[in-house]
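Numbers restart at 1 for each chain; the letters A, B, ... are given by sequence-line order, proteins then strands.
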2 protein chains.
Amino acid sequence: MKATFGEYIRQLRTDKGLTLTELASLLKLDSANLSKIENGKREFDEKRLDKLANAFDLDFEKLKVEYFGDQFAKKMYAYNCSSETLMVAEEKVNYLKSINVKQAEIKF
Amino acid sequence: MKATFGEYIRQLRTDKGLTLTELASLLKLDSANLSKIENGKREFDEKRLDKLANAFDLDFEKLKVEYFGDQFAKKMYAYNCSSETLMVAEEKVNYLKSINVKQAEIKF
DNA sequence: CTAAATTTGTCATTTATTGACAAGTTAATA
DNA sequence: TATTAACTTGTCAATAAATGACAAATTTAG
């Protein structure tokens with residue numbers, strides 16, 4: 001899966017023969033805004049990931065990989081970050097786990 | 001370098017024998033807020049990365065690696081993302097490069 | 001004890017994100 | 001080509017998040 005998250009949603013939606021309006025309704029969002037999301041002109045809101053998973057019966061862990069992978073990629077692309085950034089990120093995740101940082105409330 | 005970005009700044013600052021007030025002044029920010037940043041209670045603002053690089057004569061590319069690596073790690077930790085997220089991110093960066101997506105204005 | 005350094009709490013302001021809707025374009029088809 | 005559903009784009013008020021600022025602790029070093 002190399003597509004952006006917007007392209008990914010569009011693929012899921014059209015594969016299932018849904019219109020923007022239909023999917024937007026499932027996601028509790030305006031069809032015009034869903035269009036922007038699919039076209040990369042708005043971000044998909046974290047808090048709707050669960051609805052998206054339900055709509056297409058997706059594995060939630062895999063969906064998170066797509067979603068956050070997309071976010072990271074956009075940042076890196078926008079700021080021209082070397083791919084070393086990702087290795088450092090991995091180290092730092094392990095570091096955070098090792099010190100068991102108190103963290104913001106998990107949203108899902 | 002495994003520390004959080006806040007710890008990293010504190011290390012740089014104390015190594016150079018600067019007080020919070022002194023560094024805060026260089027970064028054009030309140031010392032109380034810098035304290036919070038070092039202690040992971042606030043985010044360091046992207047727009048001050050250049051000032052930080054200047055203050056400590058750091059390589060800007062490496063600083064970005066630290067900064068964004070830290071951001072990604074925090075997200076992954078907070079949302080319990082599998083490390084596959086990072087591989088997907090890499091694929092997606094390459095995808096974005098390949099399609100030469102029009103992007104938000106680069107801030108530095 | 002004192003003074004400097006640091007931390008914590010709060011809050012108004014600023015900035016960014018979102019929801020909503022109107023108006024426009026495109027695509028399919030009768 | 002007229003009609004209609006689907007989609008896109010633009011705008012803006014409302015909401016939410018980030019930031020700056022400052023006062024009031026607390027900690028640290030001498």
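- Proximity of residues 69-76 of chain B to DNA chain D (heavy atom under 4.0 angstrom from any strand atom) is not detected for any residue.
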For this session: Mark up nucleotides 13-30 of chain D, 5' to 3', with B wherever a protein heavy atom is under 4.0 angstrom from a base atom, S wherever such an atom reaches only the sugar-phosphate, and - elsewhere.
Result: ------BBBBB-------

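- The minimum heavy-atom distance linking B/L86 with A/A89 is given by the pair CD2-CB, 4.0 Å.
- Counting only residues at least two apart or in different chains, ring pair (Phe, Tyr, Trp, His ring centres under 6.0 Å) contacts with residues 17-52 of chain A comprise A/F5-A/F44.
- Checked against salt bridge (charged side-chain N to carboxylate O under 4.0 Å, His left out), B/E43 has the following partners two or more places apart in sequence or in another chain: B/K74.
- Atom CG of B/D50 is separated from atom CG of B/L58 by 12.0 Å, given to the nearest 0.5 angstrom.
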Between the protein and nucleotides 28-30 of chain C, are there any N/O to N/O pairs under 3.5 Å, and if so, what are the atom names and distances?
none

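- In this structure B/A24 satisfies the side chain to side chain contact (heavy atoms under 4.5 Å, CB included) test together with B/S31, B/L34, sequence neighbours excluded.
- For the segment residues 13-25 of chain A, residues with any heavy atom less than 4.0 angstrom from an atom of DNA chain D are, sorted by number, A/R13, A/T19, A/L20.
- Here B/S35 does not reach the OP1 or OP2 of C/dT6: none of its side-chain N or O atoms lies under 4.0 Å away.
- For residues 79-89 of chain B, the set of pairs meeting the salt bridge (charged side-chain N to carboxylate O under 4.0 Å, His left out) definition, not counting sequence neighbours, is empty.
- Every residue meeting the side chain to side chain contact (heavy atoms under 4.5 Å, CB included) condition with B/K62, not counting sequence neighbours, appears here in chain and number order: B/D59.
- Partners of A/E61 under the salt bridge (charged side-chain N to carboxylate O under 4.0 Å, His left out) rule, at least two apart in sequence or in another chain, are A/K64.
- The phosphate of D/dT8 has OP1 or OP2 within less than 4.0 Å of a side-chain N or O from A/N39.
- Taking five base pairs at each end of the helix from C/dC1-D/dG30 to C/dA30-D/dT1, the local helix axes there meet at an angle of 40°, rounded to 10°.
- Remark: A/E66 engages B/K92 in a salt bridge, criterion side-chain N to carboxylate O under 4.0 Å.
- Inspection of the B/E90 and B/N94 side chains reveals no N or O donor paired with an N or O acceptor under 3.5 Å.
- Not a single salt bridge (charged side-chain N to carboxylate O under 4.0 Å, His left out) links B/R42 to another residue, sequence neighbours left out.
- Here the shortest heavy-atom pairing between A/R13 and A/T19 reads NH1-C, 3.5 Å.
- Salt-bridge annotation for B/K75 and A/E46: present, with a side-chain N of the basic residue lying under 4.0 Å from a carboxylate O of the acidic one.
- The CD1 atom of B/I9 lies 9.0 Å from the OH atom of B/Y67; values are rounded to the nearest 0.5 Å.
- Taking the side chain as every heavy atom from C-beta outward, B/F56 and B/L26 never approach each other to under 4.5 Å.
- Contact annotation: B/K41 reaches the phosphate of C/dT8 (side-chain N/O to OP1 or OP2, under 4.0 Å).
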